[in-house]
Amino acid sequence: VVARNNSLFIEMVGKMGIKDRSDTAWHLSQYEGLHEGMRKEFDLDERFRHIEFKLNLIQQNAKFFLEVMHAQKSNTLEWVIIVLISFECVLMVMDMSGWGSKLLGI
């Protein structure tokens, strides 16, 4: 989700050229006013800010959910380790007390 969000943002800025002036406006000063007028007419700067805000919000939410999932996985692994260590301690106590050889027949 985060990678898709970043690629969408890069595509929007890079390929579509939302923030760039057109080559015609760069080379012919008579079209620069037209370019700026159309930019204001279509509210490109405001729309870009809204899209940027929404994409940042999606990115923050995705990062939050990834962190939550990572924390849950870490908790599960910690509990597995605790259970295994406890089991090993029980086996060690049984072996030291002599019950291990009686129960397991070793």
Next on the checklist: Checking I51 against K54 for the side chain to side chain contact (heavy atoms under 4.5 Å, CB included) test, could you report, in this order, the C-alpha distance in whole Å, the side-chain angles of both residues, the deciding distance, and whether it holds?
Outcome noted: CA-CA 5 Å; I51 291 171; K54 290 176 184 179; 5.8 Å; no
Next on the checklist: Could you measure the distance from the CG atom of L66 to the CG atom of N61? Nearest 0.5 Å is fine.
Outcome noted: 11.0 Å
Checklist entry - Transitive ILVMFWY cluster of I85 at side-chain heavy atoms under 4.5 Å: who else is in it? => result I81
Checklist entry - Do W99 and L91 belong together in a cluster built from hydrophobic side chains that touch within less than 4.5 Å? => result no
Checklist entry - Taking atom OG of S74 and atom CE of M69, what is their separation to the nearest 0.5 Å? => result 11.5 Å
Next on the checklist: Please determine whether a side-chain nitrogen of the Lys or Arg among E46 and R49 lies less than 4.0 Å from a carboxylate oxygen of the Asp or Glu.
Outcome noted: yes
Checklist entry - CD of E52 to CG of L57: how many Å apart, nearest 0.5 Å? => result 12.5 Å
Item to check | Test salt bridge (charged side-chain N to carboxylate O under 4.0 Å, His left out) applied to E88 - qualifying residues, sequence neighbours left out | outcome: none
Next on the checklist: Among V83, I82, L84, exactly one meets side-chain contact (heavy atoms from CB on, under 4.5 Å) together with V80. Which residue is that?
Outcome noted: L84
